[in-house]
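Everything on this sheet refers to the single structure shown next.
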Amino acid sequence: FERPLSIENCKCTEEDYECDFGFARKKKLSEEPCLPVANISYKPPSPCPAGTNYVVSGGYRKVAGDSCVGGVQHDPISIPCQSSSFASSGNLYTLGLAIII
């Protein structure tokens, strides 16, 4: 006789997360937020084409091997890439205004 094996993932709680690299809690309690321990740069990668996003840490990562789903979510932060081209930076508008004057 074999018993059926049923595996279910539990909902995520604060205990399923730890501070990501460069972040720490003031106290070692899970109720404390993960805060940056130094200046963290969210400078976009190069290249970073307009219309795409890059992802940065929100300060948390799941504990290794954790497979919880739903519940508390500490997802990475998605930041849109800004175009650094001359035409999209507002310079074209300024140039057009200067030509009109």
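All heavy atoms count here, side chains included; hydrogens, waters and symmetry mates do not.
For N9, the side-chain hydrogen bond (donor to acceptor under 3.5 Å, both in side chains) partners are S67, not counting sequence neighbours. For F23, the ring-ring contact (aromatic ring centres under 6.0 Å, His included) criterion is met by no residue, not counting sequence neighbours.
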**Request:** Any chance you could lay out the disulfide (SG to SG under 2.5 Å) test for C68 and C12, step after step, and finish with the verdict?
**Result:** CA-CA 5 Å; C68 65; C12 296; 2.0 Å; yes
Distance-only donor-acceptor pairs under 3.5 Å for side chains of residues 70-81, two or more places apart:
{"residue": "Q73", "atom": "NE2", "partner": "G70", "partner atom": "O", "Å": "2.7"}
{"residue": "H74", "atom": "NE2", "partner": "E14", "partner atom": "OE1", "Å": "3.2"}
{"residue": "H74", "atom": "NE2", "partner": "E14", "partner atom": "OE2", "Å": "3.2"}
{"residue": "S78", "atom": "OG", "partner": "N53", "partner atom": "ND2", "Å": "3.3"}

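The closest side-chain heavy-atom distance from Q82 to P44 is not below 4.5 Å.
Among residue pairs with one or both ends in residues 36-62, those qualifying as salt bridge (Lys or Arg N to Asp or Glu O under 4.0 Å) are E18-R61, D20-R61; sequence neighbours excluded.
In terms of heavy atoms, E15 sits closest to V63 at O-CG2, 4.0 Å. Contact detail for G59 and C34: the closest heavy-atom pair is O-CB, 3.3 Å.
Here L5 is tied into one hydrophobic group with I7, each link being a pair of ILVMFWY side chains closer than 4.5 Å.
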